[in-house]
Structure formats: C-alpha cells, structure tokens
Amino acid sequence: MSNRDRLRDLPSVDRLATAVARAELEARREEILGGGDPTDGAAVDLVARARARLRPHLRRVLNATGVVVHTNLGRAPLAVEAQAAVAAIAAGYCNLELDLSSGERGSRHDHVEALLLELTGAQAAMAVNNCAAAVLLACAALAGGRDTVVSRGQLIEIGGGFRIPEVLQAAGTRLVEVGTTNRTRRADYASALAAGGERIGAILRAHPSNFRTVGFVEEVEIEELCDLGASVIDDVGSGVLGDDLDLLAGEPPVRRSVRAGAALTTFSGDKLLGGPQAGLLVGTREAVGACRRHPLARAVRIDKLSLAALEATLALYRDPAAARRALPALAMLHAGDATLSRRANELADATGGTVVASTARVGGGALPLLELPGPAVAIDPGPAGADALAAHLRAGDPAVVGRIHDGRLLLDPRTLTDDDARDVARAVCAVPRT
Ligand SMILES: *Cc1c(COP(=O)(O)O)cnc(C)c1O
C-alpha cells in the first residue's frame, strides 16, 4: 500500500474523536449514576482518560526487576527465531491441521511431537494451552472416574488458585492422600495401591516448585514411584530440557522422568524452557493417546501462534550451547559478571544512579531459594519518593518496572538487553525529580 493510500485510510479526526469521547462520557455517566464514584467532576481528567483509551492496553514493559521468569510481566521473552516464526505464521494461513504430503487432515500436535521425542526420549507427545491444562487433562484422561494417589507433601498451590486437590476434583478423579506433609515413603504408596486395586487410575507427583521443605523430610524418587506398577503422572512444572545447565540442577529434568517410565510428564513452555505459554505432555503412546482422545483436549488446545513459537524454541535445544545463547531467559540466567557490570555502569552513568550489589531471581515459581548475585543501579528518587518515580516509569511507553528497596528504585541489568537499558535510561532521565 502506498503512503498516500495509508494516509487516506486514517480515520478522520471527527470520527476518531467522537468515538472516543462518546465511550469516555458513557463510562463517566455510568460511574456517576452507579453512585460508586464520589470524585468531584472537576478532578476527573476526561481528556487524559480519552488519551489513555487510544493506547493499546497490552503494552511493552522493560523488565528491570531482575526476576527472569516474571509471571506478571509475561514470563519468558521469545528468542529471535521464535519471534520470526510467530510473525510468519500470523501473516497468513498455515498447515495447522493439514498434512501437506497427503493432503489429508493432520494433527496440530504433529508440529512439535517429533522434536519433543528427540529432546526427551518419550514415545509420544502433545502440547496444550499451559501446564495447568496439561495436568488437568492428564488426570482426567488417566484417572477420570477413578482415584489418583498423591503424597500429602505434594498437595500444593502453584499460584493463581491452581491447587492440586481442586484440580483433581475438576478432572473428575477422587484424591487418595498418602504419607504426611514432610515424609512420604514407598510403603505409603504401595498400601494405597493394594487397597485401591482397579480403582486407582494414577499416581500424581507434583513438584513443589515455589517452596522447599527442609529438615525431617522424605519423598519417593520418580524411579521408585514408576516401579510400583501404577501409571505415574509427573508434573515437573518448569521444564528443564538440557541436563548440562548446572544453575538449574535444583529442578527436575524432563528426561529423567521419561527414562524412569512415567506415563506422562507435564511441564510449562514459558518458564525455564524459555518459550511461549504452553503446556507439554510427553510419555507413553497409550497415555498420550488417551489425552488426545479426551474431550477436554479440544477445550485446552494450543493456538497456532504459540505452536509456531514453541516449535522454533524447541528446535534451538538441538544444540544446547546455542539454546543457552539464543533463549533470552537462559541467557539472562547465565549472564556473565563482565556483561552485567558493563551494562550497570552504563546505566548508572546515563541516569546519575549508583551501582550497588543486588540479587536477581529466577521467578515463575521456580528455584525459589536460588539467588543470582549481580549489580543493580540504585536511583535516588528525590523528594517525591520512590513510589512516585516508579508510578511515572510505569506510565511511560514502553513502561519500565523496577524494584523499590530502602527508599530507592533499583534497576537490575540482568533482565534488560543493552537496547532496553538505553531506553530505561532515557525514561528515567525524562522524569522530573526535584
Ligand atoms: C507452574 C507450574 C504449573 C502451572 O504451569 P502454567 O504453565 O503456569 O499453567 C503446574 N505445576 C507446576 C509444578 C508448576 O510449577
């Protein structure tokens, strides 16, 4: 389209202004009539509100928190390869459910299954909307109408109200608790299986991602659980695919669960895997087949854009060293001291801030105790205070989100690229601080 055509296609000022003004006045009228808003009319800046209405609601944020997999900020940023795959697929039609060689109907799972088998050693695999959906589907497909055995130490809440007992109920399986909060042994599982007999559909192991128990604790390793004879669903959560990442050694690797013989292993696409929001299920042909056939599979299916990003992300894992460089979440976790110091110094020079010692975190409910030491830039907020500075930065475009500590705003270079850091510096300098 020529620029002239594009200019002609711009909405007229009248039409745009009228539409926005009408929506804003209607909203204000409802606030007043609803009686819920006592604000004096003069204090309500309807023009500012109308301006805000014209900006996209979902906006880019520069993450200066140092929390790498920040759930509130959209978790893992995508690798360049994954961004390109999304753009290419978004622009037109694709073979989402068409087998291009036969011309027959295909399965959307085919686009990532072979890669997942290669990377995990499983017999079969599928992808759904997120890991919560993967757990729900796994429990419904393997144990719906029957019982699921879970250790009392693993009746966990993941966040956002995802609680294992409630998930099992929603999946239509009855929870059989075994062991205690701190100690569950093989014999606890074995006696539940003996008592339950044919009623037992599965054993569910849920990784307590976001907390740790220490002291007088005991749990059953995945290999031993799989030896008990029942189908095991292993919800490992964060999805560590490489086994050469020392930093992530505290998280259960997917490969180990597959090797142990778990019927299904479930994990997230956008935590430590570093890809799009998705839930992965890998396991035996029979168990994955049961998931694919279950009516819930359609309700939790993954969309084509996530699938495009997921395929590109998984492909990077064929070369683990390349994955560590190309996947932003992994690169940030492994960022070297020299890079972090240089970026922190540049940010401090540009903003008049001070470099201080700080700690970044993994986030996303993974490795809750792991601290990643590194520099941060502390910004003195002036008399208005750190909250006002933070609010100013959040209102910008792109918004900047940092961390407030001891009355100062901390900006962590680990979760910023060099370009991001320059944009953050510009945003900080533009805020009046006197
Ligand atoms: C994060 C997590 C989930 C939920 O994954 P989402 O991708 O956020 O839906 C489920 N189980 C475990 C153990 C987790 O850590």
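When a ligand or atom number is given, it counts from 1 through the structure's own listing order.
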Item to complete: Provide the number and element of each atom of ligand 1 under 4.0 Å from a heavy atom of Ser268.
Response: 5 (O), 6 (P), 7 (O)
Discussion item. Please determine whether any non-hydrogen atom of Arg75 lies less than 4.0 Å from an atom of ligand 1.
Written reply: yes
Worksheet entry | atom 15 (O) of ligand 1 [closest protein heavy-atom partner, distance rounded to 0.1 Å] | Ser209 OG, 2.5 Å
Item to complete: Measure the shortest side-chain to side-chain distance between Arg185 and Arg183 over non-hydrogen atoms and say whether it is less than 4.5 angstrom.
Response: yes
Discussion item. If the cut-off is 4.0 Å to any non-hydrogen atom of Gly237, which atoms of ligand 1 fall inside it?
Written reply: 12 (C), 13 (C), 14 (C), 15 (O)
Worksheet entry | More than 12 heavy atoms of other groups within 6.0 Å of Glu224 CD | yes
Discussion item. Does ligand 1 come near enough to Ala132 that some N or O of the ligand is less than 3.5 Å from an N or O of the residue?
Written reply: yes
Worksheet item: Quick one: does Thr120's side chain get under 4.5 Å of Thr265's, heavy atoms only?
Response: no
Worksheet entry | Geometric N/O contact Ile158 with ligand 1, under 3.5 angstrom | no
Item to complete: Please examine the side chains of Ser257 and Val236, heavy atoms only from C-beta on, and report whether any two atoms are closer than 4.5 Å.
Response: yes
Discussion item. Counting only heavy atoms, tell me which of Asp235, Asp234, Val167 gets closest to atom 10 (C) of ligand 1.
Written reply: Asp235
Worksheet item: Does OH in Tyr93 sit with more than 12 non-hydrogen atoms of other residues, nucleotides or ligands closer than 6.0 Å?
Response: no
Worksheet entry | Side chain to side chain, Leu307 and Arg108, heavy atoms closer than 4.5 Å | yes
Fill in: Selection from Gln277, His207, Lys271 by shortest heavy-atom distance to atom 14 (C) of ligand 1
Lys271
